[in-house]
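Written out below as structure tokens is the structure these notes cover.
Only heavy atoms go into these numbers, but all of them, side chains included; no hydrogens, no water, no symmetry mates. Below, chain A is the first sequence line, B the second, and so on; all start at residue 1.
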Protein chains: 2
Amino acid sequence: MATLRDVAREAGVSVATASRAINGLGNVTAPTRAAVMAAVKKLNFVPHSGARSLTRRKTDTVGVILPDLFGEFFSEIIRGIDLVAHEAGMHLLLGNMHGSTHETAAAIASMRGRVDGLLVMPPDLKPELLADYLDPALPTVLLNYDAGSLDLPFVAVDNYRGAYAMTEALLARGARQVVHIAGPKHNRDARDRQRGFVDAMTKVGGVRNPAILPGDFSEESGLKAARLLLEGQLPADAVFAANDQMAVGLIAGLAEAGKAVPGNMMVAGFDDIPLARHLNPSLSTMQVHIDRLGSTAMMMLLRILRGETLGAASATILTPALIARGTTDAMAIAGTPA
Amino acid sequence: MATLRDVAREAGVSVATASRAINGLGNVTAPTRAAVMAAVKKLNFVPHSGARSLTRRKTDTVGVILPDLFGEFFSEIIRGIDLVAHEAGMHLLLGNMHGSTHETAAAIASMRGRVDGLLVMPPDLKPELLADYLDPALPTVLLNYDAGSLDLPFVAVDNYRGAYAMTEALLARGARQVVHIAGPKHNRDARDRQRGFVDAMTKVGGVRNPAILPGDFSEESGLKAARLLLEGQLPADAVFAANDQMAVGLIAGLAEAGKAVPGNMMVAGFDDIPLARHLNPSLSTMQVHIDRLGSTAMMMLLRILRGETLGAASATILTPALIARGTTDAMAIAGTPA
DNA sequence: TTCGCCCGTGTAACCGGTTACTCTGCGGAT
DNA sequence: ATCCGCAGAGTAACCGGTTACACGGGCGAA
């Protein structure tokens, strides 16, 4: 592979001149520039980005560290990030911690010298621990993680408000006994959604101890919840699953037992995955523009890279929107409370 | 940020010793190593991967260049790649050409010096043109692209065989007049699927000019095809869409017109996106393990990086599997040909 | 004519690591 | 006691670019 030295020799100039000509800097006469360009073409020279970024102290790359790559959630985040990054001429370096907290440190460390900034979606570990891993000198924006004590900018979804709104909507549609299917216990999103549900039930529904079934965000666990619900003869006229995936499983479980949705029971989810619209009846849910989570974070990172100083104060909280569809059709349930 | 020189000074040794100690090479006494490690801890030293890869001539990174990041197809490919790459301790550098052929060259060029190898899914351009872009010195595996004249290894899906098999299956289930909804004209996958359909119809079905409606892989175009089909009064008892997305739109269009699936018309797709199982009735389709496309390609790349020489001869062709579901339920259609 | 300035170009240091080669000193063999 | 071998450590070149600074020549001003 040809190096800049080769080009310079071929063109009969010094490396400095070759470099200037190639990068379109001033102080190069037209003939000289032409000679260099000819050499570039002849030798098929392509600048070595690695070497370049070493001196420039700039890699034009942003590291993206996610807990997983499974499912639409992460791919949408990546797409959102890429949308903005591409516009700014930056590349994405993916670091997958594969769910392991331990690998997080390694993933972050291996980014040093490869990226100009970091977009991190931490697993559910203590902020102090995270602070140990992160390099304070490296611009970092957190995804879906309230920095708390750390003074880092972050982008998150207002899960609490979203869950509250959905619960309220179910109550407004006539449901009295709403059951929640929770997400993984250690998951921040899941906890916030559960809090929103409980608070809405208490304050708006006047229910003292709202019913909650365990789940883990998987379709499978939604199915299990349906069985639990029916076998346990838990009185319920609506179920609010902490995510769409579980709602899908839940509906399958209800259908299995001959329960009509929304006829016997209303169902709602959270996330608005594409599948939601295609179910029959279609699934009511809280719409989260996941890609915006990524693009917003990337835009914040770009601002930091441009010299602005952003702290936790400049966090962005995205509010999900209520999408009412078939599974919470109030008309259907009106006459037939379970 | 602390450099190796800082660590060496702090530990009272030379950079060479510090480097050896940190990398666990021999020729370092235990006390010396301990001193270096203490300095590392004290200064919070993290090696600069960029500098390291410059001398090692190894980046532990593989460049992934895709035409787009939209939809499940690409995210599954990335996940498949990551699965294998992570195992081998490699990172993924994403290069998105955003559908533009022109950007392809830039994307590939900007990878030089950043990656050890390339996984490229080229848009539908001439192989000779692609050869111009690619660096012959950089190990490269193509995704979903028959190298043709180039002697590059590639991984692809046998779209022709898949389409042929599905068409055959529809015929076997009693369909006589199968209509195909084609994908984008310039798309290689789409063309192969269409060829498979046409050949099966001709050879197995004995149909001279099988009916084909235009499409572009989008749900929207599937919906349009349904309208075209019904308004045009094209005789049909089965529709084979070139991908699931269009099949979904098609089914919506048929439902709109009061046509029952599979009662009035059987429907089949291609890809087996997750949504397929959840439709009601569930969608028959050709299952493509998209993630394997990525993981297989990555495994081939690793072999090249280990020193093996792989050419077009070592290409892998993945054969999709027929998944018969509700939309092609033969029993339902038996008595009611449209 | 001479001085000073600026423009085009070259030299070499530098980015932050790795590593070939060199050097020193100590233990064992002769 | 002398020599050899080798382990532990250091010096400096190198990876492939960028760029501060030096340098020489041409031109306008005095």
Side-chain angles (χ1 to χ4, degrees), chain A residues 1-40 43-61 109-116 135 137-138, chain B residues 1-40 43-61 109-116 135 137-138:
Chain A
M1 204 64 210
T3 73
L4 186 65
R5 259 107 183 153
D6 299 329
V7 172
R9 193 180 317 120
E10 175 74 27
V13 300
S14 73
V15 286
T17 303
S19 176
R20 289 188 202 108
I22 290 171
N23 291 299
L25 302 180
N27 286 358
V28 183
T29 53
T32 308
R33 182 183 308 270
V36 171
M37 287 327 213
V40 164
L43 300 178
N44 235 310
F45 172 77
V46 177
H48 189 291
S49 326
R52 174 176 280 179
S53 62
L54 189 57
T55 48
R56 288 215 180 145
R57 304 156 147 283
K58 199 162 156 303
T59 60
D60 293 319
T61 301
S110 73
M111 290 280 170
R112 140 120 156 121
R114 289 178 189 288
V115 301
D116 296 336
D135 175 353
L138 196 62
Chain B
M1 205 63 211
T3 73
L4 186 65
R5 257 105 184 154
D6 298 330
V7 172
R9 193 179 317 120
E10 175 74 25
V13 300
S14 72
V15 285
T17 303
S19 176
R20 289 188 203 108
I22 290 172
N23 292 299
L25 302 180
N27 287 357
V28 183
T29 53
T32 307
R33 182 183 308 270
V36 171
M37 286 327 212
V40 165
L43 300 179
N44 234 310
F45 171 77
V46 177
H48 187 290
S49 327
R52 174 177 279 181
S53 61
L54 189 57
T55 48
R56 288 214 180 145
R57 307 162 141 278
K58 201 161 154 305
T59 62
D60 292 319
T61 302
S110 71
M111 290 282 169
R112 140 123 156 120
R114 289 179 187 288
V115 301
D116 295 337
D135 176 353
L138 196 63

*Check the pair B:L4, B:I22 against side-chain contact (heavy atoms from CB on, under 4.5 Å), reporting the backbone distance first and the verdict last.*
CA-CA 10 Å; B:L4 186 65; B:I22 290 172; 3.7 Å; yes
*asked:* Please check: side-chain N/O of A:R114 versus main-chain N/O of B:T59, any donor-acceptor pairing under 3.5 Å?
replied: yes
*Does a nitrogen or oxygen in the side chain of A:R114 sit under 4.0 Å from OP1 or OP2 of C:dG16?*
no
*B:V46 and A:D135: CA distance, side-chain angles, deciding distance, side-chain contact (heavy atoms from CB on, under 4.5 Å) verdict*: CA-CA 9 Å; B:V46 177; A:D135 175 353; over 6 Å; no
_So if I take every side-chain heavy atom of B:N27 and compare against D:dA7, D:dG17, C:dG17, which nucleotide ends up nearest?_
D:dA7
*asked:* It should be established whether B:T29 places a side-chain nitrogen or oxygen under 4.0 Å from OP1 or OP2 of nucleotide D:dA9.
replied: yes
*What integer distance in Å separates B:F45:CZ from C:dG16:C1'?*
8 Å
*Round to a whole Å and report the spacing from CZ of A:R9 to P of D:dG16.*
12 Å
*asked:* Need one value for B:R33: base, sugar-phosphate or nothing, where a base atom within 4.0 Å counts as base even if backbone is also close, heavy atoms only.
replied: nothing
*Quick one: B:R52 CZ to C:dT18 P, roughly how many Å, whole number?*
4 Å
*Atom CE of B:M1 to atom C1' of C:dG17: distance rounded to whole Å?*
14 Å
*Mind running side-chain contact (heavy atoms from CB on, under 4.5 Å) on A:H48 and A:M1 for me, showing each step along the way?*
CA-CA 10 Å; A:H48 189 291; A:M1 204 64 210; over 6 Å; no
_Position toward the 5' end of DNA chain C (nearest nucleotide), B:A2 or A:A18_ = A:A18
_B:T32 or A:H48, whichever maps to the more 5' nucleotide of DNA chain D_ = B:T32
*Over how many whole Å does the gap from A:D60 atom CG to D:dT18 atom P extend?*
12 Å
*Nearest to the side chain of A:T3, which nucleotide is it out of D:dG16, D:dA9, C:dT18?*
D:dG16
*So which nucleotide from C:dT18, C:dG17, C:dA13 ends up closest to the side chain of B:N23?*
C:dT18
*B/S/- contact track for nucleotides 19-27 of chain C, protein heavy atom under 4.0 Å*: BB-------
*Rounding to a whole Å, what distance do you find between B:L4:CG and D:dA12:C1'?*
14 Å
_Using every non-hydrogen atom in the two residues, find where B:D116 and B:D60 come nearest and quote the distance to one decimal._
OD2-N, 2.7 Å
_Rounded to whole Å, how long is the line connecting atom CG of B:D135 with atom P of D:dG16?_
13 Å
*asked:* Tell me if a side-chain donor or acceptor on B:S49 pairs with a main-chain N or O of A:G113 at a distance below 3.5 Å.
replied: no
_How close do A:R52 and A:P47 get, counting heavy atoms only, and between which atoms?_
NH2-CB, 3.7 Å
*Could you state the CZ-P distance from B:R57 to C:dT18, rounded to the nearest angstrom?*
15 Å
